[in-house]
Amino acid sequence: MAQTVKQKKQGLANPFGFFRHECESALKAGYSSFQKTSGHGVRDVDIASTLEDPPNPTFGHLATSLSFEVAKAQKKKPIEVARTLAETTRKVATLDLIESIEATEPGYVNFRANLARLTELTLKSIQRDGSEYGLLKTHASEKTVVEHTSANPARPIHIGTAKGALFGDALARLLAARGHSVRTHFYIDDTGRQVAIMAYGYKLLGEPTPEGKPDHFIGKIYSVTATLVEIEELKKRIALLKKTEEADTDISAQTKSLDEWVGIAADLQGKYPKEFDKLSKLISKDPDPEKSIQELIQKYEKKEPDTSALMRRVTRIILTGFDETLRRARIRFDQWDWESDLLWTGRVAELVGQLKESGFTFNKGGALELDVAKAVEKFGLRQILGVSPTFEFPPLTLLRSDGTSLYPTRDIAYTLYKFENAEKVINVIGTEQSLAQFQVKVAFWITGHRKEAEKFLYFPIGHLLLEGQNMSARRGRFVTFDQVLDETVTRAKSEVDRRSPTLPDEIRKRIADRIAISAVRYAILSVDAIKSTNFVWDKVLNFEANSAAFINYAYTRSSGILRKLGKLAEPKKLDLLKDPAEQALVLELSKFPETFARAADDLNPTMLCLYANLLAQRFHEFYEKSDISHVSDNELKWQRVALVLAVRTVLKTLAGLLGLELAERM
RNA sequence: GGGCCGGUAGUCGAGCCAGGACUAAGACGGCGGCCUGCGGAGCCGCAAAUCGUGGGUUCGAAUCCCACCCGGCCCGCCA
């Protein structure tokens, strides 16, 4: 009730929500009157939660199964209870949006909406609120940080990472539209070994200016360098093992690994002969490449000026490439956070200090370990965080014996850092990180950040397979986000060329670009984030199967109608839209505000994808059945046009929320 | 060994948290129809599902509980 009143004040309408609200009030009053005459049934029933969607419109638009519970308590037949309840409810209901209240077998009470009123309310609301229609604002706005993508800056973004990027981006859009103050962060993991290897190779080559796309160029250097260094190391290790007469099994394992790397090296040499040969020569001159890399890592952690400048320089080149890719996919970030800054500003050291003081750490061979199990028992976290009673918590290594930090340690410090300017933090990361993300939470409890622990959300992204197989950067079984975008654009372009040959090429290009990016985004977003998905080229490129094109086509058809009509006129009333196809379409539009609010609150962009698809479907059905531009009755024509305009408005809003781009023509 | 997450027509995939008319959405593929009108990337229809298996709770279970099976992932002084 309070919510509805407040929303009225805000001016954002929720047509179906109003209907639901009327049904709730009526049912509550009807039920209490029912209790007076028929004795007590069920106590403390949450009326609102018994209202559900009936399976089809013949049962009305909302229904309650309350009678079943009451019948059980009173030992009566559900249908008898339903009849009485429908009767008492009918007496007290204000029949504005409610048309009828009826009991049906086997015992439901069905509420039918007054579609004439609902149509008027819905279309007028959309006309009035325009692009804001449906975007109900939360009453608990929170400063929210969404961290996502955070791809390792040593090679191009691949499609597995892209899945997280698309969900993170969509979440941010949804939450912002819901009225939260959202900032997206990209975590630049620049203090690890990979960036050091990359910088090492780049430096050896004399810091060449990138040819082609920067991340692809540097990624190539990284792959070649990493492979060559690994081979050097393995050779040394095997030699050492042989010298010390270690067990044959160890030697054969290392030899097997070496063979594998040599194979990879051969592939790389074939693909990038120039860089490979050059780097091969340069690395062989270095007496100890591994030591050089370790030095880079250590000097960088200490912010040694020359090393820091080099590391940042090369990482920035990669990031330029990332930015280009992300921009193409319509993904943008508010902030780029350098992991190295966490070390330099002392945040990691400070965290480690706090953890040490807590008494939950211990020393193991010079390394500092966090006793996660002890903390879980002490704070009763099994209960609080819902962990199985038999789960054994492994300790977490915070510092190596040489005193340097590990990734999880820095991640805890980073998550705390994100809370410095936010009330809520959402980490969009792969499911393989679930234990690590749990450990972050435990560390929060230990350091007394309980509020943060509560407001810290882990949004898991299911594994993405490539044509049924794991992606492997080493083996070259790896598809970059750029490749996906390129291929999809190419395919879309040839479709547009075929279907709209009369349009100028420049326009066709722009249309293809929009269709392609929408298809890629929809393909990923339309399946639950947590599910492992299989990336199949055919599926992404098949515009018959992909609903993005289907949704866009609804928009294109509506554009065609408007183009045909030219100058538009306002209808006098909105009382002629009585065809079932029209009513079904209006009903769908009326449900958009509730659907949006739920998708945002449940962090579920997939739900909105499905809604967009459903709305487009209803529109296509309407389009097939209803004449518009050539209907002779002018009043009917303009009423239908009002419906078309409303659909366009909501489609555009949906596109904005999901990052789809609609083309007027296709 | 322990844990987390998935398991729904030939394939993909909603519904599961908040049990109810589920006779299970939608799509791809298959089969059959529909263009003298606003663009057929569309519409209409048909066939196709032991909701992983077995128990339990309930008036009622795809949904909740227990056990098990299958698949993915995690349990590093990697990130």
Side-chain angles (χ1 to χ4, degrees), chain A residues 46 48-50 52 54-56 59 63-69 71-72 77-78 104-108 110 152 154 189 191-194 339 364-369 387-388 390-394 396-408 410-411 430-436 438 460 462-463 465 470 495-496 498-500 515 526-528 530-534 536 538-539 542-554 556-565 602 606-607 609-610 613-614 616-617 619-621 623-631 640 644 665-666:
Chain A
D46 179 7
S49 75
T50 72
E52 61 197 62
N56 68 63
F59 296 127
T64 176
S65 55
L66 184 57
S67 323
F68 292 94
E69 275 187 77
K72 185 173 56 178
K77 280 190 179 169
T104 51
E105 293 281 1
Y108 294 90
N110 295 332
N152 207 311
D189 178 18
T191 62
R193 189 181 149 80
Q194 303 203 50
E339 188 175 40
K364 186 180 142 201
L368 184 70
E369 305 270 340
V387 186
S388 157
T390 49
F391 183 66
E392 300 149 32
F393 291 88
L396 174 68
T397 307
L398 295 168
L399 297 178
R400 296 187 183 91
S401 40
D402 69 0
T404 55
S405 64
L406 283 106
Y407 177 83
R410 301 192 294 264
D411 197 34
T431 50
E432 67 276 6
Q433 292 260 27
S434 60
L435 176 61
F438 183 83
H463 199 81
L465 295 168
N470 270 311
E495 287 291 319
V496 177
R498 191 166 63 80
R499 295 170 197 261
S500 301
I515 290 172
S526 60
V527 180
D528 267 354
I530 199 166
K531 288 212 182 189
S532 322
T533 33
N534 193 7
V536 183
D538 277 354
K539 228 187 139 184
N542 179 356
F543 298 117
E544 303 283 335
N546 190 311
S547 295
F550 181 79
I551 293 162
N552 198 147
Y553 191 52
T556 298
R557 281 179 144 177
S558 75
S559 303
I561 296 166
L562 300 184
R563 218 173 12 249
K564 179 99 179 176
L565 284 165
D602 290 357
T606 304
M607 187 185 285
C609 280
L610 296 169
N613 188 45
L614 190 59
Q617 192 179 338
F619 180 79
H620 286 303
E621 287 160 11
Y623 178 94
E624 199 72 20
K625 258 189 111 175
S626 300
D627 288 339
I628 300 167
S629 70
H630 26 62
V631 72
R640 285 183 177 162
V644 170
R665 298 171 188 261
M666 292 173 76

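Proteins come first, then strands; the chains are lettered A, B, ... in the order of their sequence lines, and each starts at number 1. Small disclaimer: the values here were computed from a predicted structure and weren't measured.
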Cationic N near anionic O, under 4.0 Å, A:K72 to A:E69: no
Evaluate side chain to side chain contact (heavy atoms under 4.5 Å, CB included) for A:F393 paired with A:F438, printing each intermediate quantity in order. CA-CA 10 Å; A:F393 291 88; A:F438 183 83; 3.0 Å; yes
Once you apply a heavy-atom cut-off of 4.0 Å, does A:N152 come out as touching a base, just sugar-phosphate, or nothing? sugar-phosphate
By nearest-nucleotide position on RNA chain B, the 5'-leaning member of A:N56 and A:F391 is A:F391
Considering only B:C75, B:C4, B:C73, which nucleotide approaches the side chain of A:N470 most closely? B:C73
Between A:E621 and A:K625, is the salt bridge (Lys or Arg N to Asp or Glu O under 4.0 Å) condition met? List the steps. CA-CA 6 Å; A:E621 287 160 11; A:K625 258 189 111 175; over 6 Å; no
Show me the protein contacts with nucleotides 12-14 of chain B, counting only N or O atoms at under 3.5 Å.
| residue | atom | partner | partner atom | Å |
| --- | --- | --- | --- | --- |
| B:C12 | O2' | A:K539 | NZ | 2.2 |
| B:A14 | OP1 | A:D528 | N | 2.7 |
| B:A14 | OP2 | A:K531 | NZ | 3.1 |

By nearest atom, which of the nucleotides B:A41, B:A21, B:G72 is closest to the A:V496 side chain? B:A41
Classify the side chain of A:N110 and the base of B:A21 as holding, or not holding, a donor-acceptor pair under 3.5 Å. yes
Among B:C75, B:C22, B:A79, which nucleotide sits nearest the side chain of A:L435? B:C75
Just N and O in the side chain of A:T397: are any of them under 4.0 Å from OP1 or OP2 of B:C77? yes
Counting any heavy atom closer than 4.0 Å, what does A:G365 reach on the DNA or RNA strands: base, sugar-phosphate only, or nothing? base
Under 4.0 Å, counting only non-hydrogen atoms across every strand here, what does A:K564 touch: a base, just sugar-phosphate, or nothing? sugar-phosphate
Using a 4.0 Å heavy-atom cut-off, does A:A367 contact any base of the nucleic acid, only the sugar-phosphate backbone, or nothing at all? base
Just to be sure I understand the rule, does A:L562 reach a base, reach only the sugar-phosphate, or reach nothing, if contact means heavy atoms closer than 4.0 Å? nothing
For the pair made of CG in A:N546 and P in B:A27, what is the distance, rounded to whole Å? 14 Å
Does A:A436 reach a base, just sugar-phosphate, or nothing at all? Heavy atoms under 4.0 Å. nothing
I'd like to know if A:T431 reaches the base of B:C5 with its side chain such that a donor and an acceptor end up less than 3.5 angstrom apart. no
Which nucleotide wins on minimum distance to the side chain of A:P408, given the candidates B:C73, B:A21, B:A79? B:A79
Between A:E105 and A:R193, name the one whose nearest nucleotide on RNA chain B is closer to the 5' end. A:E105
For A:T404, which contact category applies under a 4.0 Å heavy-atom criterion: base, sugar-phosphate, or nothing? nothing
Does a side-chain N or O from A:R400 land closer than 4.0 Å to OP1 or OP2 of B:A79, or not? yes
Could you tell me whether A:L406 contacts a base, only the sugar-phosphate backbone, or nothing, with contacts defined as non-hydrogen atoms closer than 4.0 Å? sugar-phosphate
With heavy atoms under 4.0 Å as the rule, sort A:S388 into base, sugar-phosphate or nothing. sugar-phosphate
Using a 4.0 Å heavy-atom cut-off across all strands, classify A:F59 as base, sugar-phosphate, or nothing. base
Would A:T606 and A:V527 count as a side chain to side chain contact (heavy atoms under 4.5 Å, CB included) if you check the C-alpha gap in whole Å, the side-chain angles of each, and the deciding distance to 0.1 Å? CA-CA 6 Å; A:T606 304; A:V527 180; 5.8 Å; no
Whole angstrom value for the distance that separates C1' of B:C73 from CG of A:L465: 11 Å
Using a heavy-atom cut-off of under 4.0 Å over every strand shown, decide if A:S629 touches base, sugar-phosphate, or nothing. base
Base, sugar-phosphate, or nothing: which does A:N613 touch, judged by heavy atoms less than 4.0 Å apart? sugar-phosphate
Which residue in the set A:T431, A:N470, A:N534 passes side chain to side chain donor-acceptor pair (under 3.5 Å) when paired with A:H463? A:N470
Answer yes or no: side-chain N or O of A:S500 and base N or O of B:G39 forming a donor-acceptor pair under 3.5 Å. yes
Are there any protein N/O atoms within less than 3.5 Å of an N/O atom in nucleotides 42-46 of chain B, and if so, which ones and at what distance?
| residue | atom | partner | partner atom | Å |
| --- | --- | --- | --- | --- |
| B:G42 | OP2 | A:E544 | OE1 | 3.2 |
| B:G42 | O2' | A:R557 | NH1 | 2.5 |
| B:G42 | O2' | A:R557 | NH2 | 3.3 |
| B:G42 | N2 | A:E624 | OE2 | 3.2 |
| B:C43 | O4' | A:E624 | OE1 | 3.3 |

For the C1' atoms, the ones on B:U57 and on B:C66, what distance do you get once it is rounded to whole angstrom? 11 Å
Look at the side chain of A:R499 and decide which nucleotide, out of B:G2, B:A21, B:G39, has an atom nearest to it. B:G39
Of B:C59, B:C73, B:A79, the nucleotide closest to the side chain of A:E69 is B:C59
Can you find a side-chain donor-acceptor pair between A:T556 and A:R665 that sits under 3.5 Å? no
In dot-bracket notation, what is the pairing pattern of RNA chain B, taking Watson-Crick (N1-N3 plus N6-O4 or O6-N4) and G-U wobble (N1-O2 and O6-N3) contacts under 3.5 Å, with [ ] crossing and | for other strands? (((((((..(((.......[.....))).(((((.......))))).....(((((..]....))))))))))))....
So A:P106, base contact, sugar-phosphate only, or nothing? Heavy-atom distance under 4.0 Å. nothing
Full working for side chain to side chain contact (heavy atoms under 4.5 Å, CB included) between A:R400 and A:L406: CA-CA 7 Å; A:R400 296 187 183 91; A:L406 283 106; 3.7 Å; yes
